[in-house]
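Here is the structure we will look at, set down as C-alpha cells.
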Amino acid sequence: MAEYSFQEIERKWQQYWKDEKVYEVSNGSDKPKYYIMDMFPYPSGAGLHVGHPLGYIASDIVARFKRLNGYNVLHPMGFDSFGLPAEQYAIQTGQHPSITTDENIARYKEQLQALGFSYDWSRELRTSDPKFYKWTQWIFKLIYNSWYNTESDKAEHIDTLVAALATDGNADIKAACDEDTPTITADDWNGFSEKDKQLFLLKYRLTYQAETTVNWCPALGTVLSNDEVKDGFSERGGHPVVRKKMPQWSMRITAYSDRLLQGLEKIDWPEPIKEMQRNWIGKSYGAEIDFSVVNSSHKIRVFTTRIDTIFGVSFMVLAPESELVVELTTEEQKTEIEEYVVAAKNRSERERMSDAKNVTGVFTGRYAEHPFSGEKIPVYIADYVLAGYGTGAVMAVPSGDQRDFDFAKKFNLPIPLINDAQKLTKTEADPTKEGKIINSDFLDGLSPTEAMERGIEEVEKRGIGVRKVNYKLRDAIFGRQRYWGEPIPVYYEEGIPKLVPDEKLPLVLPEVDEYLPTEDGDPPLGRAKDWNYKGHPYELSTMPGWAGSSWYFFRYMDPDNESEFCSQEALKYWKDVDFYLGGSEHATGHLLYSRFWVKFLYDMGIIEVDEYAQKLVNQGMIQGRSNFVYRIDGENTYVSKGLKDQHKTTAIHVDVNIVKDDVLDVEAFKQSRADAKDAEFILEDGKYHCGWEVEKMSKSKYNVVNPDDLVQKYGADTLRMYEMFLGPIEQSKPWNTNGIEGVYKFLRKFWSLFHQGEAFQVSDEEPTKEELKVLHGTIKKVAEDVERLSLNTSVSTFMIAVNELSSLKCNKRAILEPMTIILSPFAPHIAEELWHLLGNEGTVVDAPYPEFQEKYLVEDSIEYPVSVNGKMRAKISFAADASKEEVEAGALANETIQKWLDGKDPKKVIVVPKKIVNIVV
RNA sequence: GCGGAUGUGGCGAAAUUGGUAGACGCACUAGACUUAGGAUCUAGCGCCGCGAGGCAUGGGGGUUCGAGUCCCUCCAUCCGCACCA
C-alpha cells in the first residue's frame with residue numbers, strides 16, 4: 001500500500017477501536033481524571049452538517065491529547081432526544097416520536113463515528129430513555145419536596161418547614177416563597193385541613209403550581225419560556241405567541257438568584273456568557289418606598305434604584321395589570337381606565353414593543369402624597385410600567401428618566417430639576433450621577449451617590465420604606481402541554497398534587513392515539529388510557545426541554561446505575577466537568593438552568609460541587625456560504641460574475657457542491673436543472689465565476705455542505721484537520737471548502753515520508769541535529785497550542801514541520817515515530833496506521849506523549865536585527881550564549897553601525913530578549 | 001437605547017510578554033517533469049515605484065527608542081438583552 005488510501009485506513013481503524021473497546025474508560029485509575037464533554041445535540045432529521053462537528057473535533061483533539069499525557073479521560077456523547085420537531089412530525093404522520101428519534105440518532109451516530117471521535121459510546125445516554133428520565137423525575141420529586149431557607153441560604157427538605165410551622169407558625173421563617181403568602185400562627189397551621197396544608201406548602205415548594213401569565217402559542221398548543229419567544233413569535237416555527245393566564249408548574253430559580261450570580265466568579269467561562277447571565281439575573285440595589293394616597297387607605301409601593309431623585313417625582317405610574325388600579329380609580333375615570341386596561345391586555349407583546357416610542361397612559365383620578373414634601377402628585381396607569389418587575393408601580397422622575405420624561409411631555413406634567421449637572425434638551429432627560437443634588441430639602445448639596453445612601457436611611461428611619469435588592473430573573477415555567485417530554489411524576493387527589501411514589505418510577509410515557517390536544521383543550525396525555533394512579537389522574541403536561549439537560553453530565557459518570565442517579569463513588573471520582581464545549585446560544589437557557597439544578601443537588605448533599613463545569617468554551621457558529629449564478633432576464637443565458645453588470649440579471653442560488661473555488665462546474669449545472677439543459681453561458685477566461693454571500697446554512701439556499709461527502713472525498717482525518725485549520729475555534733465564520741486540498745496534500749506528504757516508491761520504509765539511522773530541532777520544536781509548539789486551544793496554528797505547525805522534514809528527505813524512525821504520536825489527536829486514523837506500520841503493538845492511544853528537549857532547540861548563534869532610532873538597519877550574528885553587554889558592545893563596534901551613527905554618541909542602547917538591538921541617538 | 005465581541009493582502013488567517021507585520025494554507029503567475037494533468041516539484045506573490053525608496057494592521061490622536069498589540073476618540077459589522085424604574 002503505497003498510496004494514502006484513507007477510506008481503507010479509516011474503515012479499518014474505526015472497526016478496530018470499536019471491537020477492542022479502545023475508548024471505554026473506567027471509574028477509577030491511578031491516572032488523574034479529566035472530564036471533557038460536548039453539549040449533546042438534539043438529533044434533528046436533517047442530520048449533521050459540516051458546522052456541527054466543529055466543536056466535537058476540537059474536544060476530541062483535547063481528549064486524545066490528554067490521554068496521551070497520562071490522564072484518565074471521560075469523553076462521552078449522548079442525545080437530547082425530547083423535542084418539538086419529532087412531535088410535529090408525529091402529528092403530521094402519526095409515527096411515534098420515539099421511532100423518528102431512534103432513526104435520527106442512528107444517523108447521527110453513524111456520521112459521528114465516521115469522523116473517528118474517541119467517545120466512550122458505552123456511556124451513551126438519551127434524555128427520552130425511561131432509564132434516564134426515571135432520574136429526571138426523581139430529581140423533580142426532590143425539588144418538589146424542598147423549600148428555600150434564606151437564613152441558612154440553602155434548600156432544605158419540606159419537613160423542616162412543616163415542623164417549624166407546627167410549632168411556631170411562619171412569622172419568623174425566612175424563605176423564598178410566593179409574594180402573597182400570609183403570615184400564620186402555629187395554631188392556624190395545626191387547624192388547617194390536609195388540603196389547606198398542601199395548598200399552603202405550594203407557596204414554599206421549590207417547584208410549585210401557580211396561576212401565571214405565560215407565553216401561549218396557539219399554533220404549537222403549548223407554553224413557551226421567555227427565551228423561546230423571539231419578538232412575539234416562537235423561536236421554533238415562528239408562530240405567534242400571546243400572553244395568557246394558566247396554572248403552571250414552575251421552578252423557584254429566583255431563590256438562587258444571588259448564588260447563581262456569585263458562582264460566576266469562580267468558574268472559567270467566557271466573559272460574554274457570564275455577562276449575559278448577569279444581565280438575565282439583573283440584580284439591582286435600591287429601596288422600596290410607600291406613597292400614601294389622598295382620600296384612600298391604600299398605599300402605593302414603588303421600587304427605585306435612584307432614591308437621590310425622589311424630589312424630582314412629579315407623578316406616579318401603575319402597571320395596567322396592578323391590583324391597585326381597580327381600588328384607586330375614581331368614578332369619573334373608571335370608563336377610560338377600564339378601556340385602557342382591556343386594550344393593554346389584548347395587545348400582544350409584539351405590538352407593545354413595536355409601539356415602544358408611542359407613550360400612552362390614563363389618569364386614575366387619584367393623587368398620592370410625596371413622602372417628604374407632602375405635595376399632591378397625580379397617579380396614572382401606563383403600559384410602559386411592567387407588572388412583573390419590582391412592585392408594578394414607579395415614582396416618575398421626568399428629569400432623570402427618559403420614559404418618565406416622554407410621559408411628562410405628553411401629559412404636560414412638570415419636570416422638576418434635582419441635580420445641578422442636569423442638562424435637559426427638548427426631547428431628552430438626563431440621568432446623570434455627576435453633580436450635586438438641588439431642590440431636594442435634606443439631600444441638597446450631596447452627590448447622587450451620597451444622596452442614595454442618605455435617602456435610604458431617612459426612608460427607613462421614618463418607617464416608610466426599606467432597602468431592597470431586586471432581580472429581573474423570573475421563576476422558570478416547568479411544563480409543556482405536549483406529548484414528547486418527560487411525564488411529570490404527579491397525580492391529583494381532590495385537585496391536590498401528590499408525588500408518584502419512587503417505586504412507580506419511571507413513570508413511562510403512555511401511548512396515545514394522536515399527538516394533538518384533546519377536544520377539551522387538554523394536552524395530548526389527556527388521550528392516554530388508564531393514565532392514573534389508583535384512580536387518581538396523573539398530571540397531563542410534560543417537562544420542558546431543559547429538564548434532562550440540566551443534570552445529564554452526572555449520568556455519564558454512571559449511566560447504567562438502576563438504583564441511583566449516579567453512585568457516590570462515581571461522583572467522588574469524576575467530580576465535575578473539566579472542559580465543556582458548546583454553543584453560546586444556551587447562555588440564558590440550559591447553561592443557567594443546569595447551574596440552578598446543580599446548586600440544588602449540592603444543597604441536598606448529593607453532590608460535592610455547586611458548579612459543574614470548571615471551564616466552558618463556546619465554539620463559533622458555522623454559517624453557510626451561498627453561491628449564485630446570474631441569468632440574463634428573459635433569456636436562457638447565464639453570465640459570469642465579472643461580466644454581469646453589462647446585463648440585466650437575476651441572481652439564482654446554485655448548489656455549492658457543484659462549485660469549486662467559486663468556479664461553476666457548467667456540465668453539472670446543466671444536469672442539475674431541467675431549464676438549464678440548453679442554456680448558454682457567457683464565460684470569463686473560459687470559466688464561469690459565481691458570486692457568493694454569507695447566509696444561514698439551509699437546504700433552501702443550496703449551501704448545505706455534508707460532512708459525509710467530504711469524508712468520502714478526502715477522508716475524516718483531512719476534514720478534521722481542515723475544520724481546525726479554518727480559524728480560531730471560538731470564531732463564527734462561513735463554511736468554505738476552498739482550501740481543503742492544502743490539508744489533504746499535507747497528509748499525503750506525511751504519508752510519503754514513510755514510503756519509498758511503493759514500499760513502506762523507514763531508516764533506523766541516528767537523526768541529525770537539524771532533524772531533531774524540527775521534531776522538538778514541533779512537539780513544543782503543538783503542545784502549547786493545544787493547551788491554549790489554538791488548534792488552527794497547531795495544524796500550521798505540522799505543515800511547516802512536514803515541509804521541512806520533506807526537504808531534509810528525513811525518513812528516520814526516531815523522528816517519524818514521535819511525529820506520528822503528536823499528530824494522532826488531530827488525524828487519528830492515519831496515525832494509527834503508521835503506528836502499526838512502524839511495528840508497534842496496541843494502539844497509538846496508549847503511547848506516551850513525547851517530551852521536547854530544550855537542548856535541540858537552542859541555536860548556535862542568534863541573528864540580532866540592529867535598529868537606529870527605531871529603523872531597522874542590519875542583522876548581525878552573535879553567539880547564542882552572548883551576554884547582553886557583549887551584544888551591545890559588538891553592535892556598537894561594528895563599522896557599518898558606526899557610520900550610521902555619524903560620530904554621534906548613542907544615548908541609549910536597548911537589547912531585548914527577543915533578539916533586537918535598538919540604538920537611540 | 002444598554003451590554004458584549006470583532007475590524008490585518010484577492011480569500012481563510014498568524015504574530016503567545018510592546019520588539020523584523022502578513023507565518024501556514026487557498027487562489028493567482030512563471031518555470032520543470034510529463035502523451036496528458038484537477039498529480040508532483042521549483043520560484044514569485046501587501047500596495048505605490050524601473051529603481052533607490054516610500055506607504056501599509058477600520059479613521060484620527062496619544063504614550064514609547066519601538067504600537068496590530070497599551071490609552072483616548074470616532075466609524076463600521078456581528079451577537080445578546082430590550083420600556084427592568
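Chain identifiers are assigned alphabetically (A, B, ...) following the order of the sequence lines, protein sequences preceding nucleic acid strands; residue numbering begins at 1 within each chain. Hydrogens, waters and symmetry mates play no part in the numbers below; they use all other heavy atoms, side chains included.
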Exercise. Check whether any side-chain heavy atom of A:Asn792 lies under 4.5 Å from a side-chain heavy atom of A:Pro728, and answer yes or no.
Key: yes

Quiz item: Do A:Asn618 and A:Trp269 come close enough that some side-chain heavy atom pair is under 4.5 Å?
Solution: no

Exercise. Would you classify B:G7 as syn or anti? Syn applies when the glycosidic angle is within 90° of 0.
Key: anti

Quiz item: With A:Phe750, which residues qualify under ring-ring contact (aromatic ring centres under 6.0 Å, His included), at least two apart?
Solution: A:Phe754

Closest nucleotide among [options] to the [X] side chain:
{"X": "A:Ile910", "options": "B:A82, B:C83, B:C65", "answer": "B:C65"}
{"X": "A:Pro272", "options": "B:G4, B:U16, B:A85", "answer": "B:G4"}
{"X": "A:Asn918", "options": "B:C84, B:G66, B:U16", "answer": "B:G66"}

Self-check item: Partner set under side-chain hydrogen bond (donor to acceptor under 3.5 Å, both in side chains) for A:Thr254, not counting sequence neighbours
Solution: A:Asp475

Practice problem: Indicate, yes or no, whether a donor-acceptor pair under 3.5 Å links the base of B:U16 to the side chain of A:Lys781. | Solution: yes

Quiz item: For residues 736-747 of chain A, which residue pairs qualify under salt bridge (Lys or Arg N to Asp or Glu O under 4.0 Å), counting only residues two or more places apart or in two chains?
Solution: A:Lys660-A:Glu741

Exercise. Scan for salt bridge (Lys or Arg N to Asp or Glu O under 4.0 Å) pairs involving residues 268-277 of chain A, sequence neighbours excluded, and state none if there are none.
Key: A:Asp268-A:Lys615, A:Glu271-A:Arg278, A:Glu275-A:Arg278

Self-check item: Presence of A:Gln731 side-chain N/O under 4.0 Å of B:A13 phosphate oxygens OP1/OP2
Solution: yes

Quiz item: Under 4.0 Å between a side-chain N or O of A:Arg474 and OP1 or OP2 of B:C84?
Solution: no

Across the strands shown, which category fits [X] at heavy-atom distances under 4.0 angstrom: base, sugar-phosphate, nothing?
{"X": "A:Arg748", "result": "sugar-phosphate"}
{"X": "A:Arg788", "result": "base"}
{"X": "A:Asn736", "result": "nothing"}

Just distance, no hydrogens or angles: give the donor-acceptor pairs under 3.5 Å from side chains in residues 796-803 of chain A, sequence neighbours left out.
residue: A:Thr797; atom: OG1; partner: A:Thr793; partner atom: O; Å: 2.8
residue: A:Asn803; atom: OD1; partner: A:Lys749; partner atom: NZ; Å: 2.6
residue: A:Asn803; atom: ND2; partner: A:Met799; partner atom: O; Å: 3.4

What pairs with [X] under side chain to side chain contact (heavy atoms under 4.5 Å, CB included), at least two apart in sequence or on another chain?
{"X": "A:Phe315", "result": "A:Val317, A:Pro378, A:Tyr380, A:Tyr384, A:Ala396, A:Pro398, A:Asp404, A:Phe407, A:Ala408, A:Leu413"}
{"X": "A:Val663", "result": "A:Lys687, A:His689"}
{"X": "A:Lys299", "result": "A:Asp290, A:Ser292"}
{"X": "A:Ser807", "result": "none"}

Exercise. Using the C1' atom as the reference point in each nucleotide, state the distance between B:U69 and B:U57 in Å, no decimals.
Key: 10 Å

Quiz item: Looking only at atom C1', what distance separates B:G46 and B:A27, rounded to whole Å?
Solution: 15 Å

Quiz item: Once Watson-Crick and G-U wobble pairs under 3.5 Å are found, how is RNA chain B written in dot-bracket notation, 5' to 3', with | for any base paired to another strand?
Solution: (((((((..(((......[....))).(((((.......))))).(((....)))..(((((..]....))))))))))))....

Quiz item: Reading nucleotides 22-32 of chain B from the 5' end, what letters show protein touch, with B for base, S for backbone sugar-phosphate only, - for no heavy atom under 4.0 Å?
Solution: -BBSSSS----

Nucleotide N/O to protein N/O under 3.5 Å, stretch nucleotides 42-46 of chain B:
none

Exercise. Give the intermediate values and the outcome of salt bridge (charged side-chain N to carboxylate O under 4.0 Å, His left out) for residues A:Asp785 and A:Lys781.
Key: CA-CA 6 Å; A:Asp785 285 349; A:Lys781 191 154 188 329; 3.1 Å; yes

